[in-house]
Engineer: 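Submitted below is the structure of interest, expressed as structure tokens.
One-based numbering, in listed order, for ligands and for the atoms of each.
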Amino acid sequence: MGFVDYEVKGMVGEITINRPQALNALNSAVLDDLNAVLDGVDQEAVRVLIITGAGEKSFVAGADIGEMSTLSKEEGSAFGKKGNDLFRKIETFPLPVIAAVNGFALGGGNELAMSCDFRICSDNAVFGQPETGLGITPGFGGTQRLARLVGPGYAKQLIYSARNIKADEALRIGLVNQVVPQAELLATAEKIANGIAGNAPIAVRACKKAVNEGLELGMDDAAALEEGLFGSCFESEDQREGMANFLRKKDDPKKVKHVAFQNK
Ligand code: CO8
């Protein structure tokens with residue numbers, strides 16, 4: 001639809017920001033389209049999402065500078081909220097979301113990637129928060145998520161200096177998990193996604209919740225959160241079958257089989 005394509009391949013949903021004439025920059029229409037695609041994801045059939053950008057040059061080159069250039073203070077705040085609400089929706093989306101960063105991930109592009117559960121990138125990827133060079137702050141979560149991901153010292157240096165970094169530096173500071181040749185990016189993301197999709201969905205989704213929400217809590221409360229989510233997996237068909245499979249295999253190694261988890 002519009003500026004965002006969506007394709008389901010087996011249990012993996014692939015979302016592509018598709019506005020290559022502007023290096024996939026995020027204007028209001030792109031944000032609306034992405035929101036609508038997320039609302040349409042069949043969360044029973046699809047187990048993992050991948051977000052990438054169209055073309056070989058850019059993941060997302062930021063929020064649309066032309067659209068932002070004439071905003072008033074109130075309109076600026078409203079645009080920030082629109083992006084923040086959407087990226088928070090991705091961050092808290094029940095399914096794991098992988099960013100496959102295929103080029104420039106600047107400003108709102110880096111912020112979109114950081115709202116995903118983790119990032120892999122192509123070797124031509126460039127990351128940065130150029131906003132202070134444009135007279136604004138990052139506004140779609142960059143000041144918050146970058147500091148949480150790479151630590152406040154590195155985040156502040158990158159944001160204050162508006163310096164872009166290449167894939168190898170992004171890997172070194174923990175902004176991305178893996179760097180691969182451009183031609184292998186999507187296949188690598190799909191392989192990772194399919195690996196996750198083969199595990200018990202109830203458990204994977206509970207793990208996302210546990211990590212995300214636990215990071216906001218003190219350790220005692222975080223441990224209690226984990227206990228509740230751990231307990232919630234029991235009595236599910238997938239827990240029973242997953243464990244029974246292991247026990248069968250112990251009795252007789254020939255009984256080892258792949259468990260086709262049913263999300264029940
Ligand atoms: N917005 C709008 N158009 C863009 C953007 C963008 N962010 N990035 C690229 N484009 C457009 C260019 O204007 C150009 O269009 P045209 O062909 O019509 O002139 C086309 O994409 C191709 O771009 P270039 O010719 O510039 O391509 P280059 O290869 O020469 O350069 C760069 C690529 C280095 C990525 C360069 O395009 C660039 O620096 N882009 C801007 C990057 C940037 O500063 N991004 C951050 C924007 S600010 C932001 O994201 C804030 C988020 C929070 C907002 C909160 C609001 C309150």
Side-chain angles (χ1 to χ4, degrees), residues 2-5 15-35 38 51-91 97 99-116 119 121-150 152 154-170 175-176 179 182 185:
F3 291 119
V4 181
D5 300 332
I15 297 173
T16 305
I17 312 296
N18 192 356
R19 195 189 171 214
Q21 67 277 15
L23 300 183
N24 304 323
L26 304 170
N27 61 15
S28 297
V30 179
L31 296 177
D32 288 339
D33 289 352
L34 181 53
N35 194 42
L38 289 168
I51 299 183
T52 193
E56 297 196 337
K57 186 170 173 183
S58 182
F59 173 69
V60 166
D64 191 296
I65 298 171
E67 184 174 321
M68 286 188 297
S69 61
T70 56
L71 298 183
S72 66
K73 286 184 194 298
E74 290 72 24
E75 289 165 338
S77 294
F79 190 52
K81 179 164 170 44
K82 189 180 176 84
N84 267 333
D85 287 351
L86 175 60
F87 289 6
R88 187 75 180 128
K89 185 174 193 163
I90 294 169
E91 188 169 49
V97 186
V101 178
N102 56 308
F104 291 114
L106 300 176
N110 192 37
E111 291 168 312
L112 172 60
M114 291 192 295
S115 72
C116 298
R119 290 139 292 286
C121 75
S122 54
D123 45 13
N124 68 330
V126 176
F127 298 83
Q129 297 292 155
E131 287 89 347
T132 56
L134 296 164
I136 57 174
T137 67
F140 292 168
T143 56
Q144 304 309 306
R145 291 196 183 93
L146 190 59
R148 283 165 169 78
L149 270 170
V150 305
Y154 224 114
K156 285 175 176 174
Q157 186 181 352
L158 287 178
I159 292 170
Y160 299 169
S161 64
R163 182 172 71 86
N164 292 344
I165 59 171
K166 293 184 178 164
D168 56 347
E169 189 170 355
L175 184 54
V176 299
V179 182
Q182 168 87 253
L185 179 67

Engineer: To which of Gly139, Gly133, Gly76, Ser77 does the heavy atom nearest atom 57 (C) of ligand 1 belong?
Structural biologist: Gly76
Engineer: Would you mind telling me which of Ile17, Ile51, Leu185 makes a side chain to side chain contact (heavy atoms under 4.5 Å, CB included) with Phe59?
Structural biologist: Ile51
Engineer: Yes or no, since that's all I need: does a protein heavy atom fall within a distance strictly under 4.0 Å of atom 1 (N) of ligand 1?
Structural biologist: yes
Engineer: Between Glu91 and Arg88, is there a side-chain N and carboxylate O pair less than 4.0 Å apart?
Structural biologist: yes
Engineer: Would Leu106 count as being in polar contact with ligand 1, using the rule that some N or O on each side must be under 3.5 angstrom apart?
Structural biologist: no
Engineer: For Asp64, take its heavy atoms, then give the atoms of ligand 1 lying under 4.0 Å from any of them.
Structural biologist: 1 (N), 2 (C)
Engineer: Within the 4.0 Å heavy-atom shell around Met68, which atoms of ligand 1 are there?
Structural biologist: 48 (S), 54 (C), 56 (C)
Engineer: Quick one: does Gly83 get a heavy atom under 4.0 Å from ligand 1?
Structural biologist: no
Engineer: Please report the interatomic distance CD1(Ile15) to CG(Leu38), rounded to the nearest 0.5 Å.
Structural biologist: 4.5 Å
Engineer: Should you measure from each heavy atom of Leu134, which atoms of ligand 1 turn up under 4.0 Å away?
Structural biologist: 44 (O), 47 (C), 48 (S)
Engineer: Do Gly108 and ligand 1 have an N or O pair less than 3.5 Å apart?
Structural biologist: yes
Engineer: Spell out, as yes or no, whether a donor-acceptor pair under 3.5 Å connects the side chain of Gln129 to the backbone of Pro138.
Structural biologist: no
Engineer: State, to 0.1 Å, how close Thr143 and Ile159 come at their nearest heavy-atom pair, and which atoms those are.
Structural biologist: CA-CD1, 3.9 Å
Engineer: Please report the interatomic distance NZ(Lys82) to CG(Leu26), rounded to the nearest 0.5 Å.
Structural biologist: 11.5 Å
Engineer: Counting only heavy atoms closer than 4.0 Å, does ligand 1 sit against the backbone of Phe104, its side chain, both, or neither?
Structural biologist: side chain
Engineer: Under 4.0 Å from a heavy atom of Gly80: give me the atoms of ligand 1 that qualify, with their elements.
Structural biologist: 57 (C)
Engineer: Within a distance of under 4.0 Å, is there any protein heavy atom near atom 12 (C) of ligand 1?
Structural biologist: no
Engineer: Would a 4.0 Å cut-off, counted as strictly less than, catch a protein heavy atom around atom 18 (O) of ligand 1?
Structural biologist: no
Engineer: Return the closest protein heavy atom for atom 51 (C) of ligand 1 as residue, atom name and distance.
Structural biologist: Glu131 OE2, 3.3 Å
Engineer: Look only at the side chain of Arg19 and the backbone of Ala25, and say whether a donor-acceptor pair between them is shorter than 3.5 Å.
Structural biologist: yes
Engineer: Considering only non-hydrogen protein atoms, determine which one is nearest to atom 45 (N) of ligand 1 and report residue, atom name and distance to 0.1 Å.
Structural biologist: Ala61 O, 3.0 Å
Engineer: Among all protein non-hydrogen atoms, which one is nearest to atom 46 (C) of ligand 1, and what is the separation to 0.1 Å?
Structural biologist: Pro130 CG, 3.8 Å
Engineer: Is it the case that atom CD in Glu75 sees more than 12 heavy atoms from other parts of the structure closer than 6.0 Å?
Structural biologist: yes
Engineer: Within the side chain of Asn102, is there an N or O that forms a donor-acceptor pair under 3.5 Å with the backbone of Ser58?
Structural biologist: yes
Engineer: Mind checking the CG-CZ spacing from Asp32 to Phe3? Nearest 0.5 Å is all I need.
Structural biologist: 10.5 Å
Engineer: Is any heavy atom of the protein nearer than 4.0 Å to atom 33 (C) of ligand 1?
Structural biologist: yes
Engineer: Should you measure from each heavy atom of Ala22, which atoms of ligand 1 turn up under 4.0 Å away?
Structural biologist: 4 (C), 9 (C), 10 (N), 11 (C), 21 (O)
Engineer: Give the residue and atom name of whichever protein heavy atom lies nearest to atom 36 (C) of ligand 1, and the separation in Å to one decimal.
Structural biologist: Leu23 CD1, 4.6 Å
Engineer: Counting distance only, does the side-chain N/O of Asn24 pair as donor-acceptor with the main-chain N or O of Ala54 below 3.5 Å?
Structural biologist: yes
Engineer: I need the Asn110 CG to Glu131 CD distance, nearest 0.5 Å.
Structural biologist: 8.5 Å
Engineer: List ligand 1 atoms under 4.0 Å from Phe79, heavy atoms only on the residue side.
Structural biologist: 56 (C)
Engineer: Checking the side chain of Gln182 only, and the main-chain atoms of Ser122 only, is there a donor and an acceptor separated by less than 3.5 Å?
Structural biologist: no
Engineer: If I take atom CG from residue Asn27 and atom CE from residue Met68, how far apart are they, to the nearest 0.5 angstrom?
Structural biologist: 10.5 Å
Engineer: Which value, rounded to the nearest 0.5 Å, describes the distance between Leu86 atom CG and Leu31 atom CG?
Structural biologist: 6.0 Å
Engineer: Could you tell me whether atom 42 (C) of ligand 1 has a protein heavy atom closer than 4.0 Å?
Structural biologist: yes
Engineer: Using modelled atom types only, decide if a donor and an acceptor are shared between the side chain of Asn35 and the backbone of Lys89 within a distance under 3.5 Å.
Structural biologist: no
Engineer: Are any of the protein's heavy atoms under 4.0 angstrom from atom 27 (O) of ligand 1, yes or no?
Structural biologist: yes
Engineer: At a 4.0 Å threshold, what atoms of ligand 1 neighbour a non-hydrogen atom of Lys57?
Structural biologist: 27 (O), 28 (P), 29 (O)
Engineer: Please determine whether any non-hydrogen atom of Gln21 lies less than 4.0 Å from an atom of ligand 1.
Structural biologist: yes
Engineer: Scan the protein's non-hydrogen atoms and note whether one is under 4.0 Å from atom 21 (O) of ligand 1.
Structural biologist: yes
Engineer: For atom 8 (N) of ligand 1, is there a protein heavy atom at a distance under 4.0 Å?
Structural biologist: yes
Engineer: If we only count N/O pairs under 3.5 Å, is Ile136 in contact with ligand 1?
Structural biologist: no
Engineer: Check each atom of ligand 1 against the heavy atoms of Glu111 and keep those under 4.0 Å away; list them by number with element.
Structural biologist: 52 (C), 53 (C)
